[in-house]
Amino acid sequence: MRSLLFVPGDSEKKLEKGFGAGADVVIVDLEDSVAPQNKAAAREIAARFIAANRQQTSSAIYIRVNDLSTGLTDDDLAALVPVKPDGIMLPKSNSGQDVQQLSAKLRVHEAENGLPDSAIKVLPIITETAAGVLAATTYAGASARLAGLTWGAEDLSAAIGARAARDENGRYTDVFRFARTMTILAAGAAEVAAIDTVFPAFRDMAAFEVECIEAERDGFTGKMAIHPAQVPVINAAFTPSAEAVRRSQAIVSAFEAAGNPGVVGIDGKMYDRPHLRLAERLLARAKAAGVPA
């Protein structure tokens, strides 16, 4: 998952555009982008559109349901599981226990719709509440459904009373840098993908590209988008370059040729086991993105 594009579930026009945007994942949103009075209509529109257009997109389809505290999650699942989404995005997840609770609900809906157990993955947003940030370590081992971890700043701002998430230079303030860091570390501990949050100023493509490059540098493997124009930038930033693939393959090959020792030398430079692990991870990302080895 490099690019994950949010699309409001109550707009067929936007759904059609989103399905053709080339994102790795289209997130059909039933939560923040849908007004309370439109929730029921959004479920019907989204389910009908997905059923009719599933074969028209190469994107995986995830549904952002309403969070567990709203009492709307069961209705969301009842309406959308029958169209066999690839995953569910869980907003305002407070801990790994919330993922387990959602997993139990999904197991029932999967059985009712003839789907294999755990066919539907879960991607929680883990930093939208203060409790969620502080419980980031609880996702490791929480569920086999876990596809990755991601974070958000806007809801956290409201939860803690912060007037802004970024400073006058556009950089995250300390609290939000901490939430971002915890997401990377929690994803590493759980051995799942770390997905960076959205960039709201979608017309500022230069700043957006910089943020994508920095996110990939720091360990994120993908980023969420709020506009189709952001998708190509994300895909480019999170697709390993041919040179990076060549270098990583050389490291892996050198370890294999030497019988997998603790350290190898390549062109006068020493590489140890952490370098090997990093190279293997990059090659796995490149394979998923379709980059030739």
Side-chain angles (χ1 to χ4, degrees), residues 1 4 6-10 15 19 24-34 36-55 57 59-129 131-132 135-150 152 155 186-187 190-193 195 224:
M1 295 187 290
L4 299 88
F6 281 108
V7 184
D10 60 351
L15 284 165
F19 271 43
D24 290 341
V25 179
V26 173
I27 304 171
V28 178
D29 189 21
L30 303 179
E31 195 215 13
D32 282 348
S33 66
V34 177
Q37 66 271 21
N38 288 344
K39 298 292 187 182
R43 295 184 193 107
E44 295 177 7
I45 292 169
R48 184 172 62 247
F49 186 90
I50 293 170
N53 295 276
R54 184 63 181 267
Q55 303 305 316
T57 182
S59 303
I61 299 173
Y62 276 51
I63 311 296
R64 179 161 70 169
V65 298
N66 291 279
D67 74 82
L68 294 171
S69 71
T70 64
L72 300 174
T73 315
D74 287 328
D75 289 339
D76 294 340
L77 295 177
L80 274 301
V81 169
V83 297
K84 303 177 182 180
D86 297 289
I88 299 294
M89 172 170 277
L90 179 64
K92 299 179 181 65
S93 182
N94 287 317
S95 69
Q97 185 175 355
D98 280 359
V99 171
Q100 292 171 344
Q101 183 179 346
L102 175 60
S103 182
K105 293 177 182 293
L106 283 170
R107 186 169 295 115
V108 174
H109 286 284
E110 287 169 338
E112 292 175 345
N113 288 277
L115 295 172
D117 183 61
S118 298
I120 299 174
K121 300 302 182 182
V122 174
L123 177 61
I125 308 176
I126 70 171
T127 69
E128 294 186 308
T129 68
T137 60
T138 63
Y139 291 92
S143 174
R145 295 181 187 270
L146 200 65
L149 298 176
T150 189
D155 284 281
E191 297 185 346
V192 295
I195 307 299
M224 297 186 291

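Heavy atoms only: backbone and side chains are in, while hydrogens, waters and symmetry mates are out. Just so it is clear, the model here is predicted, and its values are computed rather than measured. For the single chain, residues carry numbers from 1 onward in sequence order.
For the pair V99/R145, no side-chain contact is recorded, criterion being any heavy-atom separation below 4.5 Å from C-beta on. Counting heavy atoms from C-beta on, the side chains of L68 and K105 come closer than 4.5 Å. Between V122 and L106 there is a side-chain heavy-atom pair separated by less than 4.5 Å. With a 4.5 Å cut-off on side-chain heavy atoms, L4 and L123 count as touching.
Between the side chain of T129 and the backbone N or O of K92 there is no donor-acceptor pair closer than 3.5 Å. D86 contributes a side-chain N or O that, together with a main-chain N or O of I61, makes up a donor-acceptor pair within less than 3.5 Å. Between the side chain of K39 and the backbone N or O of E31, at least one donor-acceptor pair lies under 3.5 Å. Of the possible polar contacts, one joining the T150 side chain to the I195 backbone as a donor-acceptor pair under 3.5 Å is found. Of the possible polar contacts, one joining the T73 side chain to the D67 backbone as a donor-acceptor pair under 3.5 Å is found. Under a 3.5 Å cut-off, the side chain of E128 and the backbone N or O of P91 do not form any donor-acceptor pair. Without hydrogens or angle criteria, D76 side chain to N66 main chain gives a donor-acceptor distance under 3.5 Å.
Here I88 contributes atom CD1 and K121 contributes atom NZ; the two are 13.0 Å apart, rounded to the nearest 0.5 Å. Between the CG atom in L80 and the CD atom in E44 there is a gap of 11.0 Å [rounded to 0.5 Å]. Expressed to the nearest 0.5 Å, how far CD1 of I27 lies from OG of S33 amounts to 10.5 Å. Going from atom CZ of R64 over to atom CG of D32 covers 4.5 Å, rounded to the nearest 0.5 Å. Rounded to the nearest 0.5 Å, atoms CG (L15) and CD1 (I50) are 7.0 Å apart. Annotation: the span from L30 atom CG to T70 atom OG1 amounts to 10.5 Å, rounded to 0.5 Å.
For the pair T138 and G96, the tightest heavy-atom approach, listed with the atom from each and the gap, is OG1-N, 2.8 Å. The nearest pair of heavy atoms linking T57 to F19 is OG1-O, 2.8 Å. Nearest heavy atom pair, residue M89 against residue Y62, reads N-CD2, 4.4 Å. The shortest heavy-atom contact between R43 and A79 is CB-CB, 3.8 Å. Heavy-atom minimum distance, V34 versus A42: CG1-CB, 3.8 Å. Of all non-hydrogen atoms in L146 and P124, the two that sit nearest each other are CD1-CD, 3.6 Å.
Around CD of E112, the count of heavy atoms belonging to other residues, nucleotides or ligands within 6.0 Å exceeds 12. Around CD of Q37, the count of heavy atoms belonging to other residues, nucleotides or ligands within 6.0 Å exceeds 12.
Evaluated for a side-chain contact (heavy atoms from CB on, under 4.5 Å) with L77, the options V108, I120, L102 yield exactly one hit, L102.
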